[in-house]
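Reminder, nothing fancy here: chain letters follow the sequence lines and each chain counts from 1. Because the structure is predicted, anything quoted here is derived from the model rather than measured. Only heavy atoms go into these numbers, but all of them, side chains included; no hydrogens, no water, no symmetry mates.
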Protein chains: 2
Amino acid sequence: MKRKITLKQIARELDVSISTVSKALRNSSEISEDTREKVQAFAKLYNYRPNNIALSLKNRKTKTIGIIIPEIVHHFFSKVISGIELVANKKGYNVIVGLSNESFDKEVINMEMLANGSIDGFILSIAKETLLQQDYHHFNETISQGMPIVMFDRIVNDIKCDKVIVDDVKGAKKAVAKLIENGCKQIAIITTKDYVSVGRLRTQGYLEALEDHKIHPKASLILKVDDKLVSEDYLDVLENEIEQLFKQNKKLDGVFAVNELYAITAMKVARKFGKHIPNDVQVIGFTDGVLSKHATPSLTTVSQHGQKIGEKAAELLIHKLEHEEEEERFQTVIIETDLIERDSTK
Amino acid sequence: MKRKITLKQIARELDVSISTVSKALRNSSEISEDTREKVQAFAKLYNYRPNNIALSLKNRKTKTIGIIIPEIVHHFFSKVISGIELVANKKGYNVIVGLSNESFDKEVINMEMLANGSIDGFILSIAKETLLQQDYHHFNETISQGMPIVMFDRIVNDIKCDKVIVDDVKGAKKAVAKLIENGCKQIAIITTKDYVSVGRLRTQGYLEALEDHKIHPKASLILKVDDKLVSEDYLDVLENEIEQLFKQNKKLDGVFAVNELYAITAMKVARKFGKHIPNDVQVIGFTDGVLSKHATPSLTTVSQHGQKIGEKAAELLIHKLEHEEEEERFQTVIIETDLIERDSTK
DNA sequence: TTGTATGCGTTATCAA
DNA sequence: TTGATAACGCATACAA
């Protein structure tokens, strides 16, 4: 078991100085062709590669990006990572992943671990607990220490960083408009509590669409699910709440759900009540996950383009990292959504 | 924008030496209580944290684990990562992710990037292309340079490393036995080409189960899908092949699929042929993804416990990293599967 | 053309 | 009780 070879060892073997080896390997014209070839041959033979850690220390750059997300077992987030990884790798960056599990403490700890030199910048989506507590000191501290952040999807406005979001309002509006055009009269929304920004915005889009079509919103049609805690019986609770929704609104004929799971569950409940989809009830979800594609009937959804969000976030971050000289200006990039029509709508 | 503070700066500010600061912060009894307090107070005020990179260089340990997987947008793999991250974090390790996208070249490049000092060891699942080419030099080189590897799921036997696998044969056997016990007479298997080890093993389990029950295997019931290339029309091709399967076997009444997608698609095709599930055709899949849980009817599957696989892999790797003195012995841990019965079987 | 010295941030050893 | 020095692996300004 031979350890990785270093400049020092090569220098000793060839009886030259370390700097000669270093220069020879970087093809410096300072070094004679003779020694250059000798050194390079030797290095190749022993498969020399410069040590990343040493380079990081020297350059004060790690060429790695830290990602903090609430969970990874989630189609949207893994898509985003995939997008980040794609452009990061293309530009010679690595990607290090930390999971907050929706917990404030884990988010803070993870960020602190990575911020101590391990990475050059963050791409992150905020944990629900953090949004609830509204404690954002860790973001501000990281930024004030000169480490840029790019937030995506679950963001907070008054933090000085680039942001990549989906046009939640517009996407929701398009979806609900579609339902209205398709003839739905009683359209429910299944959304999250308001502290989750995306839930709040999508609800706003829902309301705007109704208003545009002169439909008066009905409180009983708005279901705000509390998914703070993802517990064992979470699914049952969800199903139960949706059942109440259907019971309270006998003439319900359209459902807009702010995520895939809510949408799937709504379809399930509708079937339970003997409703046919899409003839009796039409359903539209948000997110382009696997569930939607392979559900029966397949689900019409507002596609978020997670991959593209990741790519854009990585581009923004890397640009910041490599153009520190530019004056500080932060942008919020909006990734357009698409309505993907499938079989849960007419 | 203040940079992160270093020992040197603290030393200068307090007019002491760097080593005094270092010792004071680590509560060394060499240092007088007076200076200790002074230094610690100052450090706290400026939120001093030792630089990870410098520590890594000094200790020749990065305390980070490299993960290389074929893709991340995949329930199984993200579960595994989640498991790895869980135990890694608990033991003070970080996790850095590289995606091979099933490509040999990307696998090699990614490993080389990380192996140059960025990480202490690998946890990986082999890309399909690598399995096809049977070129494993990069694994052997990494290992011979003293960097341990733990492989999971898609492994190769004759590499000197720990492995974590699922009892594919047994899991498949259990599933097929279940179908037989439930009265199926004509049981098909939808599997991958043999170069994918898990496909081969699950096929073996299928055959063994048949043999156990004195059923003669029929070639026309064995469909080996070639999923080397995940192209745009991949789904159509898959559906088409499965349709052929049903056409060639009119009395088909049981399907065992080696993954979730195959299983879902089989159900879809069965419905297309007017078959009721589970009355006419019973289906069992492999993998405990979201699709299975939320499909209609929900799918009976062999659960792989991806999270547990990740946890075990991380434990094995970290043990190797922290007990280098132990004699080299490699183990292959088998994680038991469970048959989760849902509505696609009687 | 080659080598020496310095620094990146830290810790450990040894000297004062 | 404190501080100077070396080392981790590399790159580079400067000296020879």
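Residue B/Ser22 has no polar side-chain atom (N or O) positioned under 4.0 Å from OP1 or OP2 of C/dA12. At C/dG9, one or more side-chain N or O atoms of A/Arg60 fall inside 4.0 Å of OP1 or OP2 (strictly under the cut-off). Residue A/Arg26 places none of its side-chain N or O atoms closer than 4.0 Å to OP1 or OP2 of D/dC10. Phosphate contact (OP1/OP2 of C/dT2, side-chain N/O of A/Thr35, threshold under 4.0 Å): present. Applying the 4.0 Å criterion to OP1 and OP2 of D/dG3, one finds that B/Thr20 has a side-chain N or O inside that range.
At a cut-off of 3.5 Å, with distance as the only test, a side-chain donor of A/Asn52 or B/Ser118 sits close to an acceptor on the other residue. Side-chain atoms of B/Thr62 and B/Asp120 include a donor-acceptor pair closer than 3.5 Å. Side-chain contact check for B/Asn116 and A/Lys4: at least one donor-acceptor pair (N or O, by modelled atom type) lies under 3.5 Å. A side-chain N or O of A/Thr20 and one of A/Ser17 form a donor-acceptor pair less than 3.5 Å apart. Inspection of the A/Thr35 and A/Ser32 side chains reveals an N or O donor paired with an N or O acceptor under 3.5 Å. A side-chain donor-acceptor contact under 3.5 Å links B/His138 and B/Glu107.
One atom, CG of A/Leu25, and another, P of D/dG9, lie 16 Å apart when rounded to the nearest Å. Distance, A/Leu7 CG to D/dT12 C1': 13 Å, rounded to whole Å. Between the P atom of D/dA11 and the CG atom of A/Asn59 lies a distance of 8 Å, rounded to the nearest Å. With rounding to whole Å, B/Tyr46 atom OH is found 17 Å from C/dG9 atom P. The separation between A/Ile53 atom CD1 and D/dA7 atom P is 21 Å, rounded to whole Å. In this entry the distance linking NZ of A/Lys58 with P of C/dC8 reads 9 Å, nearest Å. The CG-C1' distance, from A/Leu55 to C/dG7, rounds to 14 Å in whole Å. Rounded to whole angstrom, the span from the CG atom of A/Asn51 across to the C1' atom of C/dC8 amounts to 13 Å.
Within the nucleic acid shown, A/Lys8 comes within 4.0 Å of sugar-phosphate atoms alone, with no base atom in reach, counting heavy atoms only. Within the nucleic acid shown, B/Ser19 comes within 4.0 Å of at least one base atom, counting heavy atoms only. At a threshold of 4.0 angstrom between heavy atoms, the contacts of B/Ser56 with the nucleic acid are absent.
A salt bridge between B/Glu311 and B/Lys90 is absent, with no side-chain N of the basic residue lying under 4.0 Å from a carboxylate O of the acidic one. Ion pairing between a basic and an acidic side chain is recognised when a charged N comes within 4.0 Å of a carboxylate O; B/Arg154 and B/Glu102 show such pairing.
Checking B/Glu30 against A/Thr6, the closest nucleotide of DNA chain D that is more toward the 5' end is the one next to B/Glu30. Comparing A/Arg49 and B/Ile31 along DNA chain D, the residue whose closest nucleotide (by nearest heavy atom) sits nearer the 5' end is B/Ile31.
At a cut-off of 3.5 angstrom, counting only N and O atoms as typed in the model, there is a donor on one side and an acceptor on the other between the side-chain of A/Lys23 and the base of C/dG3.
In the helix from C/dT1-D/dA16 to C/dA16-D/dT1, the terminal helix axes, each the rotation mapping four pairs' C1' atoms onto the next four within five end pairs, subtend 70°, rounded to 10°.
Closest contact between the side chain of B/Val16 and the listed nucleotides D/dC10, C/dT1, D/dG3 involves D/dG3.
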